[in-house]
Number of protein chains: 2
Amino acid sequence: MNDNTISNLSVDCVIFGFDSEKLNVLLLERKLEAENGETVFCDHTLVGHHVRVGETLDESAARILEETTGLSNIYLEQFYTFGNPDRLKKPRAKLWLESIGRNPEERVISVGYFSLVNVNSVHVSYTERHASWFNLNEIEDLGFDHKEILNKALEALQTKIKTNPLAFELLPQKFTLSHLQKIYEVVLGIEIDKRNFRKKVSQVPYIVPLKEKQQKVSHKPAQLYMFSRDIFEATKKKDFNFSF
Amino acid sequence: MNDNTISNLSVDCVIFGFDSEKLNVLLLERKLEAENGETVFCDHTLVGHHVRVGETLDESAARILEETTGLSNIYLEQFYTFGNPDRLKKPRAKLWLESIGRNPEERVISVGYFSLVNVNSVHVSYTERHASWFNLNEIEDLGFDHKEILNKALEALQTKIKTNPLAFELLPQKFTLSHLQKIYEVVLGIEIDKRNFRKKVSQVPYIVPLKEKQQKVSHKPAQLYMFSRDIFEATKKKDFNFSF
DNA sequence: ATTGTTTATGTATAAAAAACACTAAATAAG
DNA sequence: CTTATTTAGTGTTTTTTATACATAAACAAT
């Protein structure tokens, strides 16, 4: 297969999206049809692609993200590389790879990236294969070794969000504190006390209240806030605390 | 070149060692000699090797570590993958790769692992190329993109040691609290108050005092301690704290 | 016995985290 | 227009964790 890519090197993107309620992942349908039109199997995979000649890994991830979501300049982070010799050796994987003209015997290593987007900013189903959002808790198995990749991505996200301002990547520019709180709750799988959370927020200089409230909600409208990266960069200090 | 390896995939190991004083890295001498015996250049690189056919990435890293140090069953962790198309394109890299029979034009991606050992457990200079320990602060440039890899490894180590019991990997089985404290100080680049440190230690169930003291030191001998992984595993709890 | 060097130890203060319950503002429904 | 429903918004107390700081004890070397 010659599409100007490196045949044994791919990038897979775990695209996390937040919808005010739950954490979701963007998956592609993987449907294999026989010649007679019957479906041989239909399941889902992460979005990924082989790396192009001359393209860096970061560029490759950004390209894949843009091709499936239309979004560019999105938070993307490399988290792990998957290279088991047998990672593409499940029966369905072989059938699928053959059907798209890849050699199912070739050992392909895949570099994992995760990215964070707000689900409302994505116009889904941009490419040939059907893309859609799945609630993280409702994902059973995935094609190839993608469940393992997803698990590792979630771990990396959880670790990273504890000490870095990632939550804002999942939100629209203007957000409420309830939404912000919900993100920490669903990503870390914890419950947070509302008053303590807001006390903490009020001590953070780069979460700034706007002169604007929610509109058209059938309850008390919430104050809107924004994240100022400028203030964050100007005020951030390193945290050397350790805990065995 | 056919040595049963994958020509465009390598693993590089950043082997950190602690010597009661400083943090060190194990480097290989990279000396290129002309036909007349004159030295064309001489510098240093990390230890690395191409991945073998059929070998997982973890196995590859463990093999490389054992080949250069003689050690097995050592803490090893994958931290990042380096795949820039131009990462092997510096002039010296080309000369070196040619000299060892590799194609200097091939794009090789390298998976980075770091590992932690106690310097006294290593019998250096096990292989053809001369290996030796270098104080982290005294390393200027390295061959290929290995300075960049080293920097990223140190970052990963610093992040990880803040919340995981890695320090013990750098120590002999029996250690003093001063040594343990020193590790946090040199790895994180901070100073720690002795009394507060020891107060913290005394609250940790898996750092256990032995009925044994230092021998043959010309000052008050210190209590020896050990790390119990069993107790650690049995008592560890997840930390959900976050800090924007 | 004196010196040099490192170990070992406790208390007070400040900062951060956790626990906890009611009122306010908007729309929707009757 | 009244009421119901839903989410926003707010303070105080207690507990836990972090910080700052100084002196005596043990051993080896001389």
Side-chain angles (χ1 to χ4, degrees), chain A residues 18-22 161-163 171-172 174-186 188-205 207-226 235-244, chain B residues 19-22 162-163 171-172 174-186 188-205 207-226 235-244:
Chain A
F18 179 69
D19 63 2
S20 317
E21 283 291 330
K22 308 209 133 124
I161 204 174
K162 283 179 195 168
T163 48
L171 288 167
K174 299 171 180 181
F175 54 83
T176 71
L177 295 189
S178 295
H179 284 159
L180 183 61
Q181 178 176 340
K182 193 81 191 170
I183 287 183
Y184 286 96
E185 292 182 329
V186 302
L188 297 176
I190 56 176
E191 287 205 341
I192 301 173
D193 178 85
K194 194 202 280 202
R195 279 182 288 191
N196 293 336
F197 182 80
R198 291 159 109 97
K199 197 185 310 168
K200 218 165 161 178
V201 167
S202 70
Q203 289 161 354
V204 175
I207 302 178
V208 309
L210 302 171
K211 291 187 187 119
E212 207 176 332
K213 295 190 173 200
Q214 267 184 320
Q215 300 283 324
K216 301 185 188 173
V217 284
S218 78
H219 54 73
K220 179 172 177 177
Q223 175 79 240
L224 294 176
Y225 287 76
M226 64 167 280
T235 62
K236 75 177 167 189
K237 34 187 175 288
K238 281 174 188 154
D239 172 19
F240 293 111
N241 281 356
F242 65 92
S243 60
F244 290 112
Chain B
D19 62 2
S20 318
E21 284 291 329
K22 307 209 134 124
K162 283 179 195 167
T163 48
L171 288 168
K174 300 172 180 181
F175 53 84
T176 71
L177 296 189
S178 295
H179 285 158
L180 184 61
Q181 177 176 339
K182 193 79 189 172
I183 288 183
Y184 286 96
E185 293 182 328
V186 302
L188 298 176
I190 57 177
E191 286 205 341
I192 301 173
D193 177 87
K194 192 201 278 200
R195 277 182 287 190
N196 293 335
F197 182 81
R198 292 160 107 97
K199 198 186 310 169
K200 220 165 159 175
V201 167
S202 70
Q203 289 161 354
V204 174
I207 301 177
V208 312
L210 301 172
K211 290 185 187 121
E212 206 175 332
K213 296 191 173 199
Q214 267 182 321
Q215 301 283 325
K216 302 185 188 176
V217 285
S218 77
H219 54 73
K220 179 171 177 178
Q223 174 80 241
L224 293 177
Y225 288 76
M226 64 167 281
T235 61
K236 75 179 167 187
K237 33 188 177 285
K238 283 174 185 154
D239 171 19
F240 293 112
N241 280 356
F242 65 93
S243 61
F244 291 111

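Order of the sequence lines fixes the chain letters, A, B, ..., with proteins taken first and strands second; residue numbering starts at 1 for each chain.
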d(CG, B:Asp193; P, D:dC21) in whole Å: 9 Å
Can you tell me the distance, in whole Å, between the CD atom of A:Glu191 and the C1' atom of C:dA19? 14 Å
Nearest to the A:His219 side chain among C:dA26, D:dA28, C:dA8, which nucleotide is it? C:dA26
Atom-to-atom span, NZ of A:Lys216 to C1' of C:dT27 - whole angstrom: 13 Å
Taking the nucleotide of DNA chain C with the nearest heavy atom to each, does A:Lys200 or A:Val217 sit closer to the 5' end? A:Lys200
Tell me what B:Lys194 touches on the nucleic acid: a base, only sugar-phosphate, or nothing, going by heavy atoms under 4.0 Å. base
Cation-aromatic face contact A:Lys182/A:Phe175, 6.0 Å, 45 degrees: no
Return the value, rounded to whole Å, for the distance between atom CG of A:Asp239 and atom P of C:dA15. 17 Å
Any idea which of C:dA25, D:dA25, C:dA18 is nearest the A:Asn196 side chain? C:dA18
Atom CG of A:Leu180 and atom C1' of D:dT7 are separated, to the nearest Å, by 16 Å
Going by heavy atoms in the side chains, are A:Leu180 and B:Phe244 under 4.5 Å from each other? yes
Classify A:Gln214 by what it touches in the nucleic acid, base, sugar-phosphate, or nothing, heavy-atom distance under 4.0 Å. nothing
Are any of A:Arg198's side-chain N or O atoms less than 4.0 Å away from OP1 or OP2 of D:dG9? yes
Give a yes or no on whether the backbone of B:Asp239 and the side-chain of A:Lys162 come within a donor-acceptor separation of less than 3.5 Å. yes
Contacts of B:His179 and B:Phe242 projected onto DNA chain C by closest heavy atom; the upstream (5') one is B:His179
Quick one: B:Glu212 CD to C:dT7 C1', roughly how many Å, whole number? 17 Å
Using a 4.0 Å heavy-atom cut-off across all strands, classify A:Lys199 as base, sugar-phosphate, or nothing. base
Counting the atoms with a prime plus P, OP1 and OP2 as sugar-phosphate, which does B:Ser178 contact under 4.0 Å by heavy atoms, base, sugar-phosphate, or nothing? sugar-phosphate
Is there a side chain to side chain contact (heavy atoms under 4.5 Å, CB included) between B:Phe242 and A:Ile192 once you walk through the steps? CA-CA 11 Å; B:Phe242 65 93; A:Ile192 301 173; 3.7 Å; yes
Is the base of C:dA17 touched by the side chain of B:Asn241 through a donor-acceptor pair closer than 3.5 angstrom? no
In this structure, how many angstroms lie between the C1' atom of D:dT19 and the CZ atom of B:Arg195, rounded? 11 Å
Starting at CD1 of B:Ile192 and ending at P of D:dT19, how long is that distance when rounded to a whole Å? 10 Å
Please tell me if the side chains of A:Lys236 and A:Pro205 come closer than 4.5 Å, counting only heavy atoms from C-beta onward. no
